[in-house]
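Encoded as structure tokens, the structure appears first; notes follow it.
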2 protein chains.
Amino acid sequence: MQTVVIPPHRLVFVETEPARCVFNLTEGVVKIYKMLPDGRRQVTGFIFPGDFLGLVQSPFYAYTAETVTEAKLCQFPRKRLEALLDKLPDLGDRLLGMASHELAIAQEQMILLGRKSARERVASFFLMLSKAAQRRGEQGNPISIPMQRGDIADYLGLTPETVSRTISRFNAQRLIQIKDDEQVSIVDPVALYKVAAGALRDAELGV
Amino acid sequence: MQTVVIPPHRLVFVETEPARCVFNLTEGVVKIYKMLPDGRRQVTGFIFPGDFLGLVQSPFYAYTAETVTEAKLCQFPRKRLEALLDKLPDLGDRLLGMASHELAIAQEQMILLGRKSARERVASFFLMLSKAAQRRGEQGNPISIPMQRGDIADYLGLTPETVSRTISRFNAQRLIQIKDDEQVSIVDPVALYKVAAGALRDAELGV
DNA sequence: CGAGCGATTGAACGCTCTCAAAGTGAGTGG
DNA sequence: CCACTCACTTTGAGAGCGTTCAATCGCTCG
């Protein structure tokens with residue numbers, strides 16, 4: 001086991017590459033994504049401190065991982081992990097719990113991608129960021145948005161332009177207040193929740 | 001452990017309900033889905049014979065399961081499963097492997113929902129059905145499509161009309177041949193693969 | 001034979017994308 | 001310290017894909 005620090009916008013590992021190590025993120029943000037042959041990209045998740053990375057059964061990584069900010073990672077050789085698994089059966093339970101949790105998140109993301117409008121997606125994204133920040137002990141408001149618009153777009157199944165427009169509109173409608181590209185405060189959390197769930201239409205907000 | 005047979009279009013269990021049992025499907029097809037408050041639905045997966053159902057860590061089901069066709073299921077009380085887990089540590093490995101596999105499928109579905117066009121989605125769906133049939137020993141062509149258009153639409157993040165139109169178009173372009181609503185033979189598998197991956201555009205197919 | 005549900009087909013609309021231009025900020029070098 | 005560059009974001013205008021609304025078709029069942 002070994003700690004590594006990786007600068008922003010660097011690959012941690014690449015899809016289809018042999019899965020030699022498992023990582024635990026201690027600082028920073030990492031995005032994971034898959035690509036289509038023609039270059040289209042889907043960001044399948046963002047990894048925050050405390051989360052694991054590269055936990056797969058198969059001998060190859062199923063996705064690419066890339067730092068968003070500078071990241072500090074604990075690196076375990078997979079073989080070591082397997083040996084540990086034999087000694088500590090409780091560890092297997094925890095891994096199963098984590099996989100189960102990730103699966104639930106993945107299904108939530110499917111309903112977002114398959115059935116939500118652009119504004120519902122962006123509202124859901126802000127709330128996700130806020131909850132993720134709270135889960136690691138920070139206050140959920142204002143939220144820091146370390147990833148760039150293109151990453152958000154590829155996470156939400158939109159274009160960067162649509163993400164930008166939607167954020168601007170939320171700002172004009174006083175749901176949020178934009179400080180800068182990376183900092184947004186939630187002005188009306190209740191309304192934002194309603195928008196995310198599709199219970200509050202654009203027309204009802206004026207502007 | 002006990003075997004149950006459930007008629008078509010019946011609920012097996014419902015989201016948020018206490019997760020008392022785990023199921024193993026031995027015959028038939030089941031769909032699992034999540035809903036938004038306003039009724040929009042996302043089918044997150046179809047379950048085929050051999051697959052497990054309701055494997056969650058949390059005390060509540062994370063989604064609703066409903067039969068598509070008549071289904072035969074083996075039902076395990078969850079407590080029994082947990083007891084078994086203590087005795088057979090290898091079982092934990094298999095469960096982890098299954099969860100890991102499901103996660104990979106979920107990520108594949110995310111790229112479909114987030115980045116693929118309607119025709120790419122429908123082509124991918126046909127190939128998925130074909131592969132699923134082959135995996136359980138049937139021949140993958142012609143494919144049987146037991147679910148109705150609305151289910152397919154909610155799985156692919158489309159409307160039933162778009163699914164229908166897309167299938168008709170594939171038929172006219174001689175990629176597939178429609179026998180009836182539930183039976184389709186793949187005429188040009190190579191072209192269908194290319195369409196699914198976005199490497200073959202509509203315009204290149206004439207008609 | 002009629003009722004009813006699902007599938008198909010058609011026409012028009014609208015949300016998001018595409019293409020394009022202008023704005024903004026960080027980093028670099030003079 | 002300031003001008004320049006370059007990448008990212010924002011904003012605008014127009015186009016297109018999939019949706020919506022509606023009508024027709026076809027099958028199953030009573």
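Throughout, protein chains are lettered first and strands after them, A, B, ... in sequence-line order, and every chain is numbered starting at 1. For the numbers below, each heavy atom of this structure counts, side chains included, while hydrogens, waters and symmetry mates do not.
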Exercise. How long is the line joining CZ of B:Arg149 and C1' of D:dT19, in whole Å?
Worked result: 18 Å

Protein and nucleotides 15-21 of chain C: nitrogen or oxygen contacts under 3.5 angstrom:
from   : atom 1 : to       : atom 2 : distance (Å)
C:dT16 : OP1    : A:Ala118 : N      : 2.7
C:dC17 : OP1    : A:Thr159 : N      : 3.4
C:dC17 : OP2    : A:Thr159 : N      : 3.4
C:dC17 : OP2    : A:Thr159 : OG1    : 3.1
C:dC17 : OP2    : A:Thr162 : OG1    : 2.4
C:dT18 : O4     : A:Arg165 : NH2    : 2.9
C:dC19 : N4     : A:Glu161 : OE2    : 3.1

Listed pairs under 3.5 Å, donor-acceptor, residues 49-60 of chain A side chains, sequence neighbours left out:
from    : atom 1 : to      : atom 2 : distance (Å)
A:Asp51 : OD2    : A:Phe48 : N      : 3.0
A:Ser58 : OG     : A:Phe60 : N      : 3.0
A:Ser58 : OG     : A:Phe60 : O      : 2.7

Exercise. Under a 4.0 Å N-O cut-off, is there an ion pair linking B:Glu108 with A:Lys34?
Worked result: yes

For this session: Measure the shortest side-chain to side-chain distance between B:Tyr33 and A:Ile111 over non-hydrogen atoms and say whether it is less than 4.5 angstrom.
Result: no

Exercise. Quick one: is A:Ser164 getting a side-chain N or O under 4.0 Å of the D:dT11 phosphate, OP1 or OP2?
Worked result: no

For this session: Specify the separation, in whole Å, of atom CD1 of A:Ile167 and atom P of D:dT11.
Result: 11 Å

N/O donor-acceptor pairs under 3.5 Å from side chains in residues 160-171 of chain B, not counting sequence neighbours:
from     : atom 1 : to       : atom 2 : distance (Å)
B:Thr162 : OG1    : B:Thr159 : OG1    : 3.1
B:Thr166 : OG1    : B:Thr162 : O      : 2.6
B:Ser168 : OG     : B:Ser164 : O      : 3.0
B:Arg169 : NH1    : B:Asp202 : OD1    : 2.8
B:Arg169 : NH1    : B:Asp202 : OD2    : 2.5
B:Arg169 : NH2    : B:Val207 : O      : 3.2
B:Asn171 : OD1    : B:Ile178 : N      : 2.9

Problem set entry | Closest non-hydrogen atom pair between A:Asp151 and A:Arg41, with its separation | OD1-NH2, 3.0 Å

Exercise. Which whole-number value in Å describes the distance from A:Glu182 CD to C:dA26 C1'?
Worked result: 12 Å

Problem set entry | Partners meeting ring pair (Phe, Tyr, Trp, His ring centres under 6.0 Å) with B:Phe23 (sequence neighbours left out) | B:Phe13

Problem set entry | Nearest-angstrom distance from the residue atom CD1 of A:Ile178 to P of C:dG25 | 13 Å

For this session: Would you mind reading off the distance between B:Arg121 atom CZ and D:dC17 atom C1', rounded to a whole angstrom?
Result: 11 Å

Exercise. Given side chains that start at C-beta, do those of B:Val43 and B:Ile32 come closer than 4.5 Å, heavy atoms only?
Worked result: no

For this session: Please report, rounded to the nearest Å, how far the C1' atom of C:dG10 is from the CZ atom of B:Arg169.
Result: 14 Å

Exercise. Given side chains that start at C-beta, do those of B:Pro77 and B:Arg20 come closer than 4.5 Å, heavy atoms only?
Worked result: no

Pairs under 3.5 Å (N/O, protein and nucleotides 25-30 of chain D):
none

Exercise. Just how far, in rounded Å, is C1' of D:dC8 from CG of A:Asp181?
Worked result: 8 Å

For this session: Measure the distance from CZ on A:Phe170 to P on D:dT10 and round it to the nearest whole Å.
Result: 14 Å

Exercise. Are the side chains of A:Asp154 and B:Arg115 in touch, meaning some heavy atoms are under 4.5 Å apart?
Worked result: yes

Seminar exercise, completed: Tightest non-hydrogen contact, residues A:Gln42 and B:Gly114, listed as OE1-CA, 3.3 Å

Exercise. Considering the terminal five base pairs at each end of the helix from C:dC1-D:dG30 to C:dG30-D:dC1, what angle separates the two local helix axes, rounded to 10°?
Worked result: 30°

